[in-house]
Each structure stands twice: as C-alpha cells, then as structure tokens.
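Let me begin by presenting the structure, written as structure tokens, before commenting on it.
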Amino acid sequence: MIITYGKLYKNSEKNIKKHYREQETLIMIKNHIKQCNHLKELETNPISHMYGYEALKHQLHGYYSFNLCKNGGKIRLIFSIKELSNEICLEYISKDHYNDFKK
C-alpha cells in the first residue's frame, strides 16, 4: 500500500518526540502498512489487531486508527483510506484519545 501524509501529520509527529516507545511503534506500523498489498490484508492481519486497528465512529466516520501504545494508552495514529488508489493517508497522531483531532 502507498502511504501519503495529511496536512496536520508532520506537526503531530513532532509532538511525540519524547515518547520513544510510541515512535518505535509508529515506525513499525508504517512498515506493516507498506508490506500489506491491499486493504483486506491490512484489516485481517494479526499485527493490525495487536495494535488496535479500528474504524472510527460518529463524527470521525471515515477514519481509522492504530493504538501506538500496545498496552492501551491514549496515543493513536489516525488515518484515512482511499481504496481505489490503494493508498493510506496518515492524518494525525492524537495524544488525547481523539479529543485533539478535528476533521
């Protein structure tokens, strides 16, 4: 799959510089996304489930997330999916369980 970056992503990535474990997890998840060939593979892969892959609901419908804290923390990678072009757009890294992310 192809990875692109949203407007807010670069600044949000800078905000987690002090969170070393989450940075390592972010790198691992990016590599995992690149290795998946299509969306179904990403959805069903055990690594995706291990890091809390989920479709978001309500006001954040159309977005998905990975938990960057393996043990259930608040830092989440929020992304959107463009199925036709087999592309994932990394939108934001939320430090407060989606409360600091607006569409």
Side-chain angles (χ1 to χ4, degrees):
M1 296 188 84
I2 300 168
I3 296 178
T4 59
Y5 300 94
K7 295 176 185 177
L8 301 174
Y9 179 78
K10 292 292 182 189
N11 287 334
S12 66
E13 188 176 35
K14 291 176 187 176
N15 290 335
I16 66 163
K17 280 190 175 185
K18 294 180 182 178
H19 301 274
Y20 300 109
R21 288 185 183 165
E22 286 79 3
Q23 283 182 336
E24 290 175 5
T25 304
L26 178 63
I27 292 167
M28 192 276 309
I29 288 174
K30 284 182 186 179
N31 289 332
H32 169 63
I33 292 170
K34 289 176 187 175
Q35 291 175 356
C36 292
N37 294 323
H38 48 79
L39 178 60
K40 282 291 183 196
E41 186 178 341
L42 182 67
E43 289 175 349
T44 59
N45 195 302
I47 293 174
S48 296
H49 292 287
M50 187 168 70
Y51 287 97
Y53 171 85
E54 66 179 346
L56 303 181
K57 301 175 186 175
H58 308 296
Q59 12 349 3
L60 297 178
H61 177 73
Y63 291 98
Y64 302 83
S65 74
F66 277 110
N67 190 345
L68 296 182
C69 304
K70 191 175 175 184
N71 297 329
K74 291 185 173 185
I75 301 176
R76 313 279 173 149
L77 171 63
I78 301 172
F79 60 96
S80 59
I81 297 174
K82 298 176 185 173
E83 288 186 55
L84 296 176
S85 59
N86 204 29
E87 183 177 320
I88 288 185
C89 183
L90 303 181
E91 301 286 349
Y92 191 73
I93 298 173
S94 173
K95 289 179 69 177
D96 190 24
H97 200 265
Y98 315 120
N99 292 328
D100 53 353
F101 175 68
K102 304 290 183 223
K103 282 188 176 182

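Leu77 and Leu60 fall into different hydrophobic clusters, defined by Ile, Leu, Val, Met, Phe, Trp and Tyr side-chain heavy atoms under 4.5 Å apart, directly or through other members. In terms of hydrophobic clustering, with Ile, Leu, Val, Met, Phe, Trp and Tyr side chains grouped at heavy-atom distances under 4.5 Å, Tyr9 and Ile2 are assigned to different clusters. There is a path of hydrophobic side-chain contacts, each under 4.5 Å, that joins Ile81 to Leu90. The hydrophobic clustering, which links ILVMFWY residues whose side-chain heavy atoms are closer than 4.5 Å, places Met28 and Ile78 apart. No continuous path of hydrophobic side-chain contacts links Tyr63 to Leu39 [ILVMFWY only; heavy atoms under 4.5 Å].
The salt bridge (charged side-chain N to carboxylate O under 4.0 Å, His left out) test applied to Glu43 returns Lys40, not counting sequence neighbours. Considering only residues two or more places apart in sequence or on other chains, Asn86 meets the side-chain contact (heavy atoms from CB on, under 4.5 Å) condition with Met1, His38. The ring pair (Phe, Tyr, Trp, His ring centres under 6.0 Å) search around Phe79 returns Tyr64, Phe66, not counting sequence neighbours. Partners of Thr44 according to the side-chain contact (heavy atoms from CB on, under 4.5 Å) rule, which considers only residues two or more places apart in sequence or in another chain, do not exist here. Residues satisfying the side-chain hydrogen bond (donor to acceptor under 3.5 Å, both in side chains) test with Thr25, not counting sequence neighbours, are none.
Considering every non-hydrogen atom in both Asn67 and Ile29, the closest pair reads O-CD1, 4.4 Å. Closest approach of Cys89 to Gly6, counting heavy atoms only: SG-N, 3.6 Å.
Note: Lys95 NZ to Ile16 CD1 = 8.5 Å, rounded to the nearest 0.5 Å.
Within the 4.5 Å cutoff, the side chain of His32 has heavy atoms near those of the Leu42 side chain. Annotation: side chain of Asn15 is not in contact with side chain of Ile93 (no heavy-atom distance under 4.5 Å). With a 4.5 Å cut-off on side-chain heavy atoms, Ser65 and Leu56 count as touching.
For residues 7-24, the salt bridge (charged side-chain N to carboxylate O under 4.0 Å, His left out) pairs, not counting sequence neighbours, are Glu13-Lys30.
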